[in-house]
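Quick note on labels: first sequence line is chain A, next is B, and so on, each numbered from 1. Values in this document were obtained by computation on a predicted structure and should not be read as measured data.
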There are 2 protein chains.
Amino acid sequence: MSAAIDLAVSTVIFALRPDAAGHLVLSIPLVRRTRDPFEGRWALPGGAADAAESLADTAARKLAETTGLSPAYLEQLYCFGEPDRSPSGRVVSVVYWALVRTDEAELAAEGENVAWFEADELPQLAFDHNLIVGYALWRLRTKLEYSRIAHAFLGPTFTLAELRQVHEIVLQKPLDPANFRRQIEASRAVVPTGQHVTGGRHRPPRLYRYDASVQLVDNGPLTSAGIR
Amino acid sequence: MSAAIDLAVSTVIFALRPDAAGHLVLSIPLVRRTRDPFEGRWALPGGAADAAESLADTAARKLAETTGLSPAYLEQLYCFGEPDRSPSGRVVSVVYWALVRTDEAELAAEGENVAWFEADELPQLAFDHNLIVGYALWRLRTKLEYSRIAHAFLGPTFTLAELRQVHEIVLQKPLDPANFRRQIEASRAVVPTGQHVTGGRHRPPRLYRYDASVQLVDNGPLTSAGIR
DNA sequence: GCAAAAGTGTTGTGTCTACACCCATGG
DNA sequence: CCATGGGTGTAGACACAACACTTTTGC
């Protein structure tokens with residue numbers, strides 16, 4: 001009948017999770033589609049936009065409903081609206097991307113229709129979701145280098161070695177510890193708590209926390225989003 | 001009846017136009033609203049999304065319908081969807097930003113309900129359009145520094161002085177001609193045509209053209225958009 | 001020749017990279 | 001004392017800003 005456009009909200013959720021060998025890997029949770037189109041295929045979590053809710057709130061709610069997680073960082077990625085991206089009719093998807101803390105991701109709901117995949121080894125997904133994840137990966141890697149969002153993968157306090165490990169896993173390259181330290185210190189993104197971590201067979205590293213008073217993340221025109 | 005969401009497409013159009021004193025100024029065309037809400041206020045050109053058309057095509061079409069212009073550069077800016085941004089109901093706007101060549105902008109339709117404004121001296125606009133323009137301005141200025149989009153304001157060939165003038169007007173600061181030249185040459189964004197411009201009371205400058213074989217603009221996940 | 005802008009050269013300054021080296025802990 | 005990673009110092013490479021200087025035109 002009418003040539004209506006469906007408006008949907010989806011989210012690319014990133015977390016660092018241990019793989020079979022126990023190494024942390026950049027991973028994303030996907031949901032299996034239970035109806036046409038693309039029944040049986042894996043897809044990004046999401047759903048129809050809600051008229052009473054902001055788009056970011058819808059993204060966060062869908063994220064919580066499917067995975068039980070709450071994002072440490074949430075930002076709009078892009079609005080996908082090519083006419084042919086869904087065989088079932090015109091669907092415009094506002095896509096967000098989110099970062100989830102590693103310790104939270106451990107608790108994530110997983111089941112027959114919700115599973116985690118390594119971000120760089122995805123199966124063929126429903127719709128244009130492979131394209132979307134590829135773009136989200138590019139944004140994450142680009143933004144990690146000029147912005148300070150890596151701490152969103154970690155807890156409230158962390159060592160510089162942990163923060164560096166996040167960068168190394170996401171960017172897939174080793175980083176010089178000495179230069180990494182200076183770079184982070186120069187950005188004033190973190191402040192030392194004064195505490196140290198004991199127990200390692202080496203000099204006890206300092207603990208740092210994120211300095212929220214320094215604005216290092218441009219999070220689009222709506223500054224209320226972002227760090228939650 | 002139903003709590004439907006209206007999907008709209010709007011565009012922030014940038015061009016360099018001469019002001020009263022004859023100096024080029026960064027300007028944008030606006031349309032006057034002829035009905036509620038915000039009747040009489042100026043607003044971004046746009047309209048309802050079309051089910052048969054891509055969002056970028058809708059943006060370009062609306063742009064042409066209201067101003068008679070065609071964009072040299074077009075990129076999605078952001079999707080604005082706060083629940084309270086329109087008093088008449090829920091409207092989600094996919095906003096694009098466009099660059100128009102200076103010589104084309106001269107021919108733009110102007111009338112009682114379409115007028116050009118200096119980008120930094122706008123009246124109070126309808127909806128959240130002041131916020132949107134502010135964000136588009138930030139994006140334009142940021143992207144101009146790390147990407148090579150300035151030539152979209154110019155014709156197919158141009159001198160480095162003209163290209164530098166574009167940068168100076170948009171960024172609102174003078175640039176060293178010597179360093180600007182080296183920076184542009186190092187980016188390989190332009191190639192000399194071999195021709196020169198005569199007629200000035202000085203050494204005739206070389207003409208350059210944009211080198212389309214060098215990808216210097218990241219234009220989102222859909223590479224088909226962008227330079228047109 | 002003179003003014004004006006095109007175009008080239010040069011020098012200092014700050015930033016990034018690679019890597020040597022010392023520090024503090026557990027065993 | 002030794003292995004391990006935390007943390008500091010430093011020299012070379014590189015990029016960039018400032019500015020002196022030469023080139024080529026119109027008048």
Ignoring hydrogens and geometry, is there a side-chain-to-backbone donor-acceptor pair from A/Ser147 to A/Leu144 under 3.5 Å? no
DNA chain C contacts among residues 154-170 of chain B, heavy-atom distance under 4.0 Å: B/Ala161, B/Arg164
Hey, is the side chain of B/Arg203 poking within less than 4.0 Å of OP1 or OP2 on C/dG7, counting only N and O atoms? no
Test: B/Arg141 and B/Asp120 ion pair at under 4.0 Å: yes
Taking 4.0 angstrom as the limit, do B/Lys173 and B/Glu145 come out as a salt bridge? yes
Angle class for the A/Tyr210/A/His151 ring planes (parallel below 30°, perpendicular above 60°, tilted otherwise)? parallel
Could you check whether the rings of B/Phe80 and B/Tyr135 sit parallel, tilted or perpendicular, using 30° and 60° as the cut-offs? perpendicular
Does the pair B/Glu106/B/Arg17 count as a salt bridge with the N-to-O cut at 4.0 Å? no
Tell me, for nucleotides 11-18 of chain C in 5' to 3' order, what letter each nucleotide earns: B for a base near a protein heavy atom under 4.0 Å, S for only sugar-phosphate near one, - for neither? ------BB
Output the rounded distance in Å from CZ (B/Arg206) to C1' (C/dA5). 14 Å
If we count only N and O atoms by modelled type, under 3.5 Å, do the side chains of A/Tyr78 and A/Gln76 hold a donor and an acceptor together? no
Measure across B/Pro123 and B/Asn130 and return the closest heavy-atom pair with its distance rounded to 0.1 Å. O-ND2, 3.2 Å
Result of checking A/Val191, A/Leu160, A/Thr193 against A/Tyr208 for side chain to side chain contact (heavy atoms under 4.5 Å, CB included): A/Leu160
Span of DNA chain D in contact with chain B (heavy atoms, under 4.0 Å): D/dA17 to D/dG26
Please determine if A/Glu112 and A/Arg32 form a salt bridge, counting it only when a charged side-chain N lies under 4.0 Å from a carboxylate O. no
Starting at atom CZ of B/Phe180, determine the distance to atom P of C/dA6, rounded to an integer number of angstrom. 12 Å
Rounded to whole angstrom units, what separation is found between the CD atom of B/Glu185 and the P atom of C/dG9? 11 Å
